[in-house]
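Contents: one structure, followed by commentary.
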Amino acid sequence: MAVPNNVTQLILTGLFQDREAQRVSFVVFLPVYMATMLGNGLIILIVNTSKSLSSPMYFFLSHLSLVEICYSSTIVPKFLSGLLAENNTISLNGCMTQIFFFHFFGVAEIILLTVMAYDRYVAICKPLHYMTIMSRPVCHVLAFSSWLGGMFHSVVQILITVPLPFCGPHVIDHYFCDLHPLFKLACTDTFVAGIIVFADSGLFCVISFFFLISSYVVILVHLRNQSSEGRRKALSTCASHITVVLLFFGPATFLYLRPSSTFSEDKLVSVFYTVVTPMLNPIIYTLRNAEVKNAMKRLWSKNVNLGGA
């Protein structure tokens, strides 16, 4: 006999239970979210308006910024509103929707970071054929594939989760909906579902990370025969990407490379990769990239001149 699904509303316990800590968190994380929107939006604007940033690397960077905006907006607005609410609730359908888009944009970012590593490999190891290999149609296909891969991953996750019966309790010990804390509310055995999630999320993350590492190992081996100036320039273009990869994959691998039966949620680690990292990415790429900084200065000067006209 099927177990009835009588849960329609869920309560999110949030990051902290203390009301004062919640108010302080709101004051801290609201500017972080605003900086995420502004910083990534500025990168999209600069890349799409500056002729000097027409290379494939910046094309993928603008897509990464778009993913960051969507990824952060899936979690942070609800998180911020929950910090001010007495009871932070979300409907079961809303919870499923948040899970879908959270994994959709998260995996799209993983694939996009992998594509960006391949772009750097081609640029450094095959410079004479770079524009041929990374032609505009190829770039569009690779960018579209990252979104398609995220969609496929999320559909699998939702197909696993939707059939589960939830009959209480209706409290999620987290500040957003994710699979592992939601599985704890299911009134059926979720061992098989947990294993599938482990394989689909954890191993996917690790395989992509090893692909990224392999790409940079090949790049480093190739650079041994280059001049010191050539190595410096090549490593400079890769440093920002490597930093972003480590910031994203470190916490994500720590949280998801474990079966649900042994999963112990760490909210602070989740805050880092859902709230803080999307803000850091545009800063990292801007501070270490002279072309982006110059394009930003030209855009600023143009706006100032128009404003003074």
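A quick note: this is a predicted structure, and the numbers were derived from the prediction, not measured. These values consider heavy atoms only, across backbone and side chains, with no hydrogens, waters or symmetry-generated copies.
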Do you know which two heavy atoms are closest between [X] and [Y], and how far apart they sit?
X    : Y    : value
H103 : S154 : C-OG, 3.2 Å
S73  : Y33  : OG-OH, 2.9 Å
I111 : S145 : CD1-O, 4.2 Å
C139 : F59  : O-CE2, 3.4 Å
R298 : S52  : NH2-OG, 2.7 Å
L185 : V171 : CD2-O, 3.2 Å

Let's go through D173 and K184 carefully: what are the C-alpha distance in whole Å and the side-chain angles of both, what is the deciding distance for salt bridge (Lys or Arg N to Asp or Glu O under 4.0 Å) to 0.1 Å, and is it a yes or a no?
CA-CA 10 Å; D173 185 20; K184 294 179 181 179; over 6 Å; no
Quick check: do [X] and [Y] have side-chain heavy atoms less than 4.5 Å from each other?
X    : Y    : answer
Y121 : H222 : no
S215 : R120 : no
H63  : S146 : no
L80  : L84  : no
L182 : T161 : yes
V76  : V275 : yes

Quick one: do [X] and [Y] end up in the same hydrophobic cluster if we chain Ile, Leu, Val, Met, Phe, Trp and Tyr together by side-chain heavy atoms under 4.5 Å apart?
X    : Y    : value
I213 : L223 : yes
L148 : F152 : no
F16  : V27  : no
L113 : L220 : yes

Is the side chain of [X] donor-acceptor paired with the backbone N or O of [Y] at a distance under 3.5 Å, no angle test?
X    : Y    : result
T190 : A193 : no
S25  : A21  : yes
S50  : V47  : no
T114 : I110 : yes
Q17  : T13  : yes

Would you give the length of the straight line joining atom [atom1] of [X] to atom [atom2] of [Y], rounded to the nearest 0.5 angstrom?
X    : Y   : atom1 : atom2 : result
S270 : L15 : OG    : CG    : 9.5 Å
I99  : T74 : CD1   : OG1   : 12.0 Å
I90  : T97 : CD1   : OG1   : 8.0 Å

Summary of salt bridge (Lys or Arg N to Asp or Glu O under 4.0 Å) pairs that have at least one residue in residues 12-33, sequence neighbours excluded:
E20-R23
Option passing ring-ring contact (aromatic ring centres under 6.0 Å, His included) with Y71 (candidates F104, F102, F176)
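Exactly one candidate clears the test, F102.
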Considering residues at least two apart in sequence or located in another chain, which fulfil the side chain to side chain donor-acceptor pair (under 3.5 Å) criterion with [X]?
X    : result
E109 : none
S65  : N40
S55  : none
Y58  : N289, E291

Are the aromatic ring centres of Y216 and H241 under 6.0 angstrom apart?
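Yes, the ring centres sit under 6.0 Å apart.
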For F26, does the CZ atom sit with more than 12 other heavy atoms under 6.0 Å from it, leaving out its own atoms?
yes
Determine, step by step, whether L66 and S62 satisfy the side chain to side chain contact (heavy atoms under 4.5 Å, CB included) criterion, reporting the C-alpha distance in whole Å, the side-chain angles of both residues, the deciding distance to 0.1 Å, and the verdict.
CA-CA 6 Å; L66 178 60; S62 67; over 6 Å; no
Only pairs at least two apart or in different chains count here, so list each ring-ring contact (aromatic ring centres under 6.0 Å, His included) that has a residue in residues 72-92.
F29-F79, F79-Y175
Candidate pair I69 and I44, rule side chain to side chain contact (heavy atoms under 4.5 Å, CB included), full reasoning:
CA-CA 10 Å; I69 289 174; I44 294 172; 4.0 Å; yes
From the list K78, Q98, M96, side chain to side chain contact (heavy atoms under 4.5 Å, CB included) with C177 holds only for Q98
